[in-house]
Amino acid sequence: MRKIITTIILCSMIFSTSFIYGENEQLDLEKKLNENRDSQQRLDEQIIELNSKIKEVEEKIASTNEEINELDLQINDIKSEINDLENNIKNNKDQLSKRIKVINSNYSMSYIKILLNSSSISDFFNNMYIVKKIVKQDKEILTELS
C-alpha cells in the first residue's frame with residue numbers, strides 16, 4: 001500500500017508541476033501575443049503617418065512640376081520675344097546700313113543740288129525745310145539704332 005500511496009503522490013506532483021508549468025507557459029504566450037498586438041498597432045499607426053507624409057510630398061512634387069511647366073512656357077515665350085527682337089534689330093541694322101550707303105554716296109551733294117535747283121526763294125526755303133526734315137529723320141534713326 002505504501003507503494004501505491006507513493007506512486008499516487010509522485011503522480012500528483014508530476015501532474016501538478018506540469019500543469020503549473022503549462023499555465024505559466026500559456027501566460028507567457030498571452031503576454032507575448034499582447035505585446036505583438038501592441039507592436040503591430042504602433043507599426044500600423046506609423047504606416048498611416050508615413051503614408052500621410054508620402055501623400056504630402058507627392059502633392060508638393062506635383063505642385064512643383066506644375067510650376068516648372070509654367071516657367072518652361074514663360075521661358076519659351078521669352079525666347080520667342082528675344083528672337084523677334086533680334087530679327088527686328090537685324091532688320092533695323094540692314095535698313096540703317098542701306099540708308100548710310102545712300103547718305104554717303106550723295107549726302108552733301110544731293111542736298112546742295114536740291115537747294116541750288118530751286119527756282120525761287122520760296123522754293124529754296126521749301127527745299128531747305130525738306131532737307132532739314134530728312135536730316136532730322138536720319139539723326140533720329142541713327143539715335144534709335146545706336
Side-chain angles (χ1 to χ4, degrees), residues 7-146:
T7 309
I8 293 176
I9 291 177
L10 276 174
C11 285
S12 69
M13 285 176 68
I14 291 172
F15 286 122
S16 68
T17 307
S18 65
F19 184 70
I20 290 173
Y21 178 74
E23 230 179 77
N24 285 341
E25 192 174 303
Q26 185 175 357
L27 288 175
D28 286 344
L29 289 174
E30 286 179 8
K31 184 178 177 185
K32 286 182 182 180
L33 180 62
N34 286 335
E35 287 174 359
N36 284 339
R37 284 183 183 151
D38 290 343
S39 176
Q40 180 67 39
Q41 186 176 359
R42 284 192 303 273
L43 289 173
D44 287 344
E45 290 171 359
Q46 287 177 349
I47 288 171
I48 291 171
E49 185 179 330
L50 289 174
N51 283 337
S52 174
K53 288 181 181 179
I54 288 171
K55 186 177 181 182
E56 288 176 22
V57 169
E58 287 175 343
E59 288 173 356
K60 287 180 182 177
I61 289 171
S63 173
T64 303
N65 284 336
E66 287 179 15
E67 289 177 19
I68 288 171
N69 290 336
E70 289 176 15
L71 290 173
D72 283 341
L73 291 174
Q74 289 178 0
I75 288 171
N76 289 336
D77 289 345
I78 291 172
K79 283 182 179 179
S80 175
E81 287 180 35
I82 289 172
N83 286 336
D84 291 345
L85 290 172
E86 286 175 344
N87 289 336
N88 192 11
I89 289 171
K90 185 180 179 293
N91 290 338
N92 286 341
K93 283 184 177 181
D94 291 343
Q95 289 178 357
L96 176 63
S97 174
K98 289 176 185 176
R99 183 68 183 142
I100 288 175
K101 285 179 185 176
V102 167
I103 290 172
N104 283 337
S105 67
N106 53 12
Y107 181 72
S108 59
M109 291 309 281
S110 66
Y111 293 143
I112 291 173
K113 283 182 185 178
I114 291 172
L115 293 175
L116 291 177
N117 285 333
S118 302
S119 57
S120 67
I121 296 254
S122 65
D123 191 30
F124 176 81
F125 286 117
N126 284 336
N127 288 340
M128 185 185 277
Y129 175 78
I130 292 171
V131 168
K132 284 182 180 180
K133 284 282 194 183
I134 292 172
V135 169
K136 181 180 177 184
Q137 184 180 10
D138 287 345
K139 285 181 181 180
E140 288 174 0
I141 291 173
L142 286 171
T143 304
E144 192 176 302
L145 295 175
S146 297

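Given the structure is predicted, the values throughout are model-derived calculations rather than measurements. We're numbering straight along the sequence, starting at 1.
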Using the salt bridge (charged side-chain N to carboxylate O under 4.0 Å, His left out) criterion, which residues pair with E56? Sequence neighbours excluded.
none

Name every donor-acceptor pair, under 3.5 Å, that has one atom in a side chain of residues 65-77 and the other anywhere in the protein, sequence neighbours excluded.
| from | atom 1 | to | atom 2 | distance (Å) |
| --- | --- | --- | --- | --- |
| N65 | ND2 | I61 | O | 3.4 |
| N69 | ND2 | N65 | O | 3.3 |
| N76 | ND2 | D72 | O | 3.4 |

Within 6.0 Å of CG in L33, more than 12 heavy atoms from elsewhere
yes

If you round to the nearest 0.5 Å, how far is CD1 of I82 from CD of E86?
7.0 Å

Show, in sequence, the C-alpha distance, side-chain angles and deciding distance for V57 and K60, and conclude whether the side chain to side chain contact (heavy atoms under 4.5 Å, CB included) test is met.
CA-CA 5 Å; V57 169; K60 287 180 182 177; 5.6 Å; no

Using atom types as modelled and distance alone, determine if a side-chain donor or acceptor of S63 lies under 3.5 Å from a backbone N or O of E59.
no

Enumerate, atom names and distances included, each donor-acceptor pair closer than 3.5 Å involving a side-chain atom of residues 124-135, sequence neighbours excluded.
| from | atom 1 | to | atom 2 | distance (Å) |
| --- | --- | --- | --- | --- |
| N126 | ND2 | S122 | O | 3.4 |
| N127 | ND2 | I114 | O | 3.3 |
| N127 | ND2 | S118 | OG | 2.9 |
| N127 | ND2 | D123 | O | 3.4 |

Set of salt bridge (charged side-chain N to carboxylate O under 4.0 Å, His left out) partners for K90, sequence neighbours left out
D94

Could I get the full list of side chain to side chain donor-acceptor pair (under 3.5 Å) partners for N34, not counting sequence neighbours?
none

For the atom pair CZ (R42) and CG (D38), what is the distance rounded to the nearest 0.5 Å?
6.0 Å

Side chains of K136 and E140: closer than 4.5 Å at any heavy-atom pair?
yes

Just jot down the side chain to side chain donor-acceptor pair (under 3.5 Å) partners of Q40, sequence neighbours excluded, or say none.
D44

